[in-house]
A.B. asks: 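Take a look at the following structure, please.
Read the numbers this way: they start at 1 and go in the same order the structure lists the ligands and their atoms. Computation of the quantities below employed the complete heavy-atom set of this structure, encompassing side-chain atoms and omitting hydrogens, waters and symmetry-equivalent molecules. Computed from a predicted structure; not experimentally measured.
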Amino acid sequence: EAKRLGRNRYQFFSPSMQELAAHKLQVSNDLRHALNRHELVMYYQPIVDLATNEIHKAEALVRWQHPTRGLVPPFEFIPVAEETGMINRMGDWVFRQSARDTVTLVQESLASRSAPPEGNVVDATIFQVSINVSPLQFQSSQELQTWQAYLDQIGLPAECLAIEITEGLLLEASDQVKATLTQFRDAGIATSIDDFGTGYSSLAYLKKFHIDFVKIDRSFVQNLGAGNDDMVLCEVIVDMAHRLGMRVIAEGVETEAQLELLKRAGCDFAQGYLFSPALPFDQFMTFVRDWRKAPAH
Ligand code: C2E
Ligand code: MG
Ligand code: MG
Ligand code: MG
């Protein structure tokens, strides 16, 4: 028994911590195989333009189709991937798969139009997919060149992609990571701040990074009520974001009442179970096609 060998020396190795470490090792080994065996899958959640009621945006969300555990949600493996450095390989796969799917979405959107876009310019107004990135992916300045080379290869304009970084992670990020964020933006890839309101950054701070989109965290949307604190917060976030040249996406919209209040607050985009959960690519395509024929809400 560990205890007998000396209190101070072994006090940190409680069984639960051993189990935790073993579990982490297991997940990280599994994850390596997952990449080799192509068990990761990209899902897409539609983002509705509240001004036009159109869908020309989506968020790419990774899933792990595990042979025995079934569909594993990202919170069960992203943290481990970040700790073990696996996030780089995973993030690279996420980017490539999402970019390829975006090509299809852009083509499909173009085909559905009665007239070609003005000047034949393909940009964010045709279709834009946002990809969640871990700041660890930006530790090397090579990342952007890698992305650009791949976008050239598959013929996707950078404007059709956005990256999402959480507010908390932006605050903790190194100067190099912050500089890389600006470089992505300069390259034409839009930038979004995810889970806004959960950290302690101000919109004025975000302005320094020329952020395009602010995503209001689900926790504020959840408790929206006419005139309550969270409603005031949403109104203030939208107003200030607009004045600073950013647009606002509300996440986790589940009810018509929430949608109504968000529209009233002047929110630009909304995503959530009210419209659709994240879907496998084929189902997402069908959802968008059906929405074009007969938009709901
Ligand atoms: P997130 O980027 O804030 O994504 C939103 C999460 O809320 C997603 O969970 C989505 O499925 C869920 N969601 C959407 N609408 C609703 C709703 O109306 N109600 C509720 N209760 N939930 C809703 P998911 O897919 O499990 O992803 C969790 C987090 O994992 C993401 O949070 C993101 O931070 C991270 N993540 C997901 N995919 C990736 C990825 O490819 N790379 C990285 N680095 N992180 C990812
Ligand atoms: Mg996100
Ligand atoms: Mg989010
Ligand atoms: Mg979130």
A.B. asks: Using a 4.0 Å cut-off to any heavy atom of Val94, which atoms of ligand 1 qualify?
C.D. replies: 41 (O)
A.B. asks: Could a heavy atom of Lys215 be found less than 4.0 Å from some atom of ligand 1?
C.D. replies: no
A.B. asks: Less than 4.0 angstrom from a charged side-chain N to a carboxylate O is my criterion; do Asp92 and Arg89 meet it?
C.D. replies: no
A.B. asks: Of all the N, O or S atoms in Glu164, which has the shortest distance to the Mg ion (ligand 2)?
C.D. replies: OE1
A.B. asks: Looking only at N, O or S atoms, find the one in Glu59 nearest to the Mg ion (ligand 2) and name it.
C.D. replies: OE2
A.B. asks: Determine the sole option in Leu233, Val232, Asp239 for which the side-chain contact (heavy atoms from CB on, under 4.5 Å) test with Val236 is passed.
C.D. replies: Val232
A.B. asks: To the nearest 10°, what's the angle at the Mg ion (ligand 3) between atoms OD1 (Asp194) and OD1 (Asp195)?
C.D. replies: 80°
A.B. asks: Looking at Ser134, which atoms of ligand 1 are within less than 4.0 Å of one of its heavy atoms?
C.D. replies: 44 (N)
A.B. asks: Run the numbers for me: atoms of ligand 1, each under 4.0 Å from some heavy atom of Gln45, listed by number.
C.D. replies: 14 (C), 15 (N)
A.B. asks: Just to be sure I read this right, does ligand 1 sit under 4.0 Å from the backbone of Met90, its side chain, both, or neither, counting only heavy atoms?
C.D. replies: neither
A.B. asks: Just by distance, with hydrogens left out, do Asp268 and His242 show a side-chain donor and acceptor under 3.5 Å apart?
C.D. replies: yes
A.B. asks: Below a 4.0 angstrom heavy-atom separation, can you tell me which part of Asp195, side chain or backbone, both or neither, approaches ligand 1?
C.D. replies: side chain
A.B. asks: When the ring planes of Trp147 and Phe184 are compared, do they come out parallel, tilted or perpendicular, using 30° and 60° as the limits?
C.D. replies: perpendicular
A.B. asks: Have a look at Glu251 and say which of its N, O or S atoms is nearest the Mg ion (ligand 3).
C.D. replies: OE1
A.B. asks: Looking at Glu59 and Lys215, does any basic side-chain N land under 4.0 Å from a carboxylate oxygen?
C.D. replies: yes
A.B. asks: Is a donor on one side and an acceptor on the other found under 3.5 Å between the side chain of Asn223 and the backbone of Asp230?
C.D. replies: no
A.B. asks: Counting heavy atoms only, name the option from Glu82, Glu76, Glu254, Arg63 that's nearest to atom 20 (C) of ligand 1.
C.D. replies: Glu254
A.B. asks: From the options Asn132, Leu169, Ile131, select the one whose nearest heavy atom is closest to atom 34 (O) of ligand 1.
C.D. replies: Asn132
A.B. asks: Taking both backbone and side chain into account, is any N, O or S atom of Asn132 nearer than 2.8 Å to the Mg ion (ligand 2)?
C.D. replies: yes
A.B. asks: Under a 3.5 Å threshold, yes or no: a donor from one side chain and an acceptor from the other, between Arg292 and Ser109?
C.D. replies: yes
A.B. asks: In a check of side chain to side chain donor-acceptor pair (under 3.5 Å) between Thr180 and each of Lys178, Gln183, Gln176, which one passes?
C.D. replies: Gln176
A.B. asks: Could you establish whether Gln271 and ligand 1 come within less than 4.0 Å of each other, counting only heavy atoms on the residue side?
C.D. replies: no
A.B. asks: Is a side-chain donor or acceptor of Asn228 paired with a backbone partner of Met231 at a separation under 3.5 angstrom?
C.D. replies: yes
A.B. asks: Counting from 1, what ligand 1 atoms have a heavy atom of Gly272 closer than 4.0 Å?
C.D. replies: 15 (N), 18 (O)
A.B. asks: Going by the atom numbers of ligand 1, which of them fall below 4.0 Å from some non-hydrogen atom of Val253?
C.D. replies: 18 (O)
A.B. asks: Taking Gln271 for its side chain and Gly252 for its backbone only, find out whether a donor-acceptor pair lies under 3.5 Å.
C.D. replies: no
A.B. asks: Have a look at Glu251, Arg218, Gln222 and point out the one with the heavy atom closest to atom 12 (C) of ligand 1.
C.D. replies: Arg218
A.B. asks: Output, in order, the C-alpha distance, side-chain angles, deciding distance and verdict of side-chain hydrogen bond (donor to acceptor under 3.5 Å, both in side chains) for Asp152 and Gln148.
C.D. replies: CA-CA 6 Å; Asp152 283 348; Gln148 279 175 318; over 6 Å; no
A.B. asks: Would you mind telling me if ligand 1 is within reach of the side chain of Ile78, the backbone, both or neither, using heavy atoms under 4.0 Å?
C.D. replies: side chain
A.B. asks: Do any nitrogen or oxygen atoms of Val62 come within less than 3.5 Å of a nitrogen or oxygen of ligand 1?
C.D. replies: yes
A.B. asks: Could you check Glu76, Glu83, Glu82 and say which one makes a salt bridge (charged side-chain N to carboxylate O under 4.0 Å, His left out) with Lys24?
C.D. replies: Glu83
